2 protein chains.
Amino acid sequence: MAVSCRNCPLRRRDMFRNMSAAEVKFMQGFKRGELSVDAGSTILMEGSNSPQLFTALEGIGLRYKNLPDGGRQVVNFVLPGDFVGLQAGLMGEMQHSVEATTKMTLCVFSREELWTMYRSHPSRAYDLTWLAALEEHFLGETLSVVGRLTGLERVAWGLLKYYRRMEALGLASEGRTRLPFKQQDLADALGLSLVHTNKTLKKLREQQVAHWDGDSLRISDPLALAQIAGIADYRVPDRPLI
Amino acid sequence: MAVSCRNCPLRRRDMFRNMSAAEVKFMQGFKRGELSVDAGSTILMEGSNSPQLFTALEGIGLRYKNLPDGGRQVVNFVLPGDFVGLQAGLMGEMQHSVEATTKMTLCVFSREELWTMYRSHPSRAYDLTWLAALEEHFLGETLSVVGRLTGLERVAWGLLKYYRRMEALGLASEGRTRLPFKQQDLADALGLSLVHTNKTLKKLREQQVAHWDGDSLRISDPLALAQIAGIADYRVPDRPLI
DNA sequence: CGGAATGTTGAGCTGCTTCAATCGTCGTGG
DNA sequence: CCACGACGATTGAAGCAGCTCAACATTCCG
């Protein structure tokens with residue numbers, strides 16, 4: 001059963017900027033329905049021209065690009081509140097794929113209506129651009145990490161950032177959260193080999209800083225993790241929700 | 001002497017999408033003036049909250065992030081037609097710095113008017129979001145290159161992409177273009193050390209594929225370069241101009 | 001029970017880094 | 001006119017972080 005935008009549980013979180021009643025009402029009309037997919041499903045495919053845009057409501061996924069040589073680069077993790085499909089919506093073609101790692105539920109918007117939004121609800125259009133700029137920021141940050149940090153620093157950064165994002169969503173507590181990825185996924189996100197990622201995770205375990213076992217991540221000492229990553233801590237920025 | 005948007009030389013290039021007369025007129029009002037800076041000037045500073053947005057008209061620059069450890073990651077090169085300052089315009093703070101490598105001229109827009117644009121000219125707002133999505137695409141691509149390719153592949157990709165972009169702007173011909181950066185800049189863009197970048201450039205020189213000497217880049221064999229980079233070739237996408 | 005998927009560990013190799021020295025060019029001041 | 005310093009490019013040498021290869025452990029499922 002689809003939730004109405006009025007009752008959207010994400011909206012109330014601190015990290016998402018407030019929406020006016022008029023905006024909520026418009027979003028309700030903009031929303032086409034909900035999509036539920038099983039773990040492992042591909043939601044958007046690189047090169048495809050999908051007629052639909054999504055906001056993740058529940059569950060966790062991945063954005064990734066396939067490389068000519070068979071490799072894969074994970075571009076970002078997809079968490080509740082993330083908007084996906086913008087590239088297809090505007091440029092007509094996705095430049096990366098989006099896959100559900102766990103079972104996911106997504107809000108579905110129709111691409112034709114996107115233009116309506118720009119004409120009739122400029123504040124929502126503004127917010128969408130904001131999200132795109134935020135995504136650009138995330139990617140620039142990831143690029144700096146992958147381009148310049150050591151393996152240990154990258155893993156520490158990756159785990160901390162993920163944990164802080166989950167925490168901001170209310171999906172983590174007392175240093176514990178769910179991390180449903182494979183080690184290969186993290187390796188592909190950080191530009192490391194699987195083996196090296198595995199050994200680096202072991203180091204963090206031995207240092208009593210972060211324990212990742214199966215689906216479950218436990219951050220014993222976020223500040224130590226931040227220090228290893230070479231930063232003060234990771235702060236999740238407030239942002240709009242589409 | 002500032003050129004009017006009507007006579008903007010960039011607009012006529014194939015790679016930029018057409019603008020309606022009404023749009024051109026609006027842009028003329030949106031435009032506050034032009035900024036000319038010398039080589040080496042910082043146009044936008046990471047962390048700053050600049051009241052101005054820019055479109056590069058002439059000259060070449062860099063976007064980069066400074067790292068806590070003193071390092072630097074070049075996020076992208078800034079070429080004519082590129083829009084900079086979006087993050088400050090929307091999120092209130094730049095997440096990277098922008099620096100002029102050569103003398104540059106930029107169109108200046110006022111940040112307050114940005115919201116006006118969203119209210120009164122949705123087609124321009126739409127185009128701005130498009131540009132943000134395009135930038136996201138570029139960054140994702142760069143991330144894949146830096147995260148997964150070897151040094152030789154990265155350098156080949158970097159030179160080819162730069163060349164194709166210059167070519168699309170009409171700033172390259174017969175395999176020659178201007179490349180006013182230092183080797184350190186390219187190294188920082190590709191996540192390589194200066195020394196290794198230097199040695200890799202030598203390899204490409206010896207293989208008679210690409211010759212970079214001082215300000216001048218000569219691509220003898222674009223297809224060989226593409227092959228080394230592991231791609232078919234690099235195609236510059238059409239895009240809007242703000 | 002057997003096979004597939006994921007995680008773990010060891011061993012050896014190499015691409016890339018860091019350190020360090022040299023060279024060429026250019027602008028500047030004596 | 002030349003000496004000097006600054007800057008960038010170039011090259012050699014040595015070391016290591018991270019890669020690949022390969023074997024084995026564990027869990028889960030048909």
Side-chain angles (χ1 to χ4, degrees), chain A residues 38-40 62 67 69-74 99 101-102 145-159 178-206 210-218 228-230, chain B residues 38-40 62 67 69-74 99 101-102 145-159 178-206 210-218 228-230:
Chain A
D38 285 334
L62 283 177
L67 305 188
D69 67 356
R72 191 178 70 143
Q73 175 70 43
V74 169
E99 184 178 305
T101 301
T102 66
V145 167
V146 170
R148 287 290 170 224
L149 302 192
T150 67
L152 184 63
E153 292 166 334
R154 292 187 217 181
V155 173
W157 171 85
L159 293 181
R178 189 171 175 216
L179 183 54
F181 301 110
K182 290 176 280 187
Q183 293 187 354
Q184 183 70 62
D185 297 325
L186 184 61
D188 286 342
L190 299 174
L192 295 171
S193 72
L194 169 61
V195 172
H196 194 63
T197 302
N198 179 290
K199 289 172 179 170
T200 305
L201 286 166
K202 184 185 181 186
K203 240 177 236 169
L204 291 175
R205 222 181 299 131
E206 288 169 349
H211 298 251
W212 178 18
D213 181 51
D215 258 16
S216 152
L217 173 67
R218 180 162 48 87
I228 291 171
Chain B
D38 285 334
L62 283 177
L67 305 188
D69 67 357
R72 192 178 69 143
Q73 176 69 43
V74 169
E99 184 178 306
T101 301
T102 67
V145 168
V146 169
R148 285 290 170 226
L149 302 192
T150 67
L152 184 64
E153 292 166 333
R154 293 187 216 181
V155 172
W157 171 85
L159 293 180
R178 186 171 176 216
L179 184 54
F181 301 111
K182 290 177 281 186
Q183 294 187 352
Q184 182 70 64
D185 296 325
L186 183 62
D188 287 342
L190 299 174
L192 295 172
S193 71
L194 168 62
V195 172
H196 195 64
T197 302
N198 178 290
K199 289 173 179 170
T200 305
L201 286 167
K202 185 184 180 188
K203 240 177 235 170
L204 291 175
R205 222 182 298 131
E206 287 169 350
H211 298 251
W212 178 15
D213 182 52
D215 257 15
S216 152
L217 173 67
R218 181 162 49 87
I228 292 171

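Labels below follow one simple rule: chain letters A, B, ... track the order of the sequence lines, proteins then strands, and each chain is numbered from 1. Values reported hereafter were calculated over all heavy atoms of this structure, with side chains retained and with hydrogens, waters and symmetry mates removed. In this text the structure is predicted, and so the values were computed from the model without any measurement.
- A pairwise comparison of heavy atoms in B:L190 and B:G158 identifies CD2-CA, 4.5 Å as the closest pair.
- A salt bridge is absent between A:D213 and A:R205: the closest approach of a Lys/Arg side-chain nitrogen to an acidic carboxylate oxygen does not fall below 4.0 angstrom.
- The NZ atom of B:K182 sits 15 Å away from the P atom of D:dT10 (whole-angstrom rounding).
- Ionic pairing of B:D188 and A:R148 is present here: one or more N-O contacts between side-chain nitrogen and carboxylate oxygen are shorter than 4.0 angstrom.
- The shortest distance between the side-chain N/O atoms of B:Q184 and the OP1/OP2 oxygens of D:dA9 is not below 4.0 Å.
- Within 4.0 Å of A:L192, counting heavy atoms only, lie sugar-phosphate atoms of the nucleic acid but no base atom.
- Of the possible polar contacts, none joining the B:E206 side chain to the B:K203 backbone as a donor-acceptor pair under 3.5 Å is found.
- Along DNA chain C, read 5' to 3', the first and last nucleotides having any atom under 4.0 Å from a heavy atom of chain A are C:dT6 to C:dA11.
- When side chains are defined from C-beta on, A:L179 does not count as touching A:D215, because their heavy atoms never get closer than 4.5 Å.
- Listed for the B:W212 side chain is a donor-acceptor partner under 3.5 Å among the backbone atoms of B:G214.
- Here A:G214 lies out of heavy-atom contact (under 4.0 Å) with every strand.
- Contact of the A:V155 side chain with the A:I228 side chain is not registered, since no non-hydrogen atoms from C-beta on lie closer than 4.5 Å.
- Separating the CG atom of A:D69 from the P atom of D:dC19 is a distance of 14 Å, rounded to the nearest angstrom.
- At a non-hydrogen distance threshold of 4.0 Å, A:V195, A:H196 from residues 195-202 of chain A come into contact with DNA chain D.
- When heavy atoms are screened at a 4.0 angstrom cut-off, B:R205 is found touching the sugar-phosphate backbone but no base atom.
- Residues B:F181 and B:V74 have side chains not in contact (no heavy-atom distance under 4.5 Å, counting atoms from C-beta outward).
- For B:R218, there are no salt bridge (charged side-chain N to carboxylate O under 4.0 Å, His left out) partners, not counting sequence neighbours.
- Straight-line distance from the CD atom of B:Q183 to the P atom of D:dT11: 10 Å, rounded to whole Å.
- Spacing between atom CG of A:L194 and atom P of D:dT20 amounts to 10 Å, rounded to whole angstrom units.
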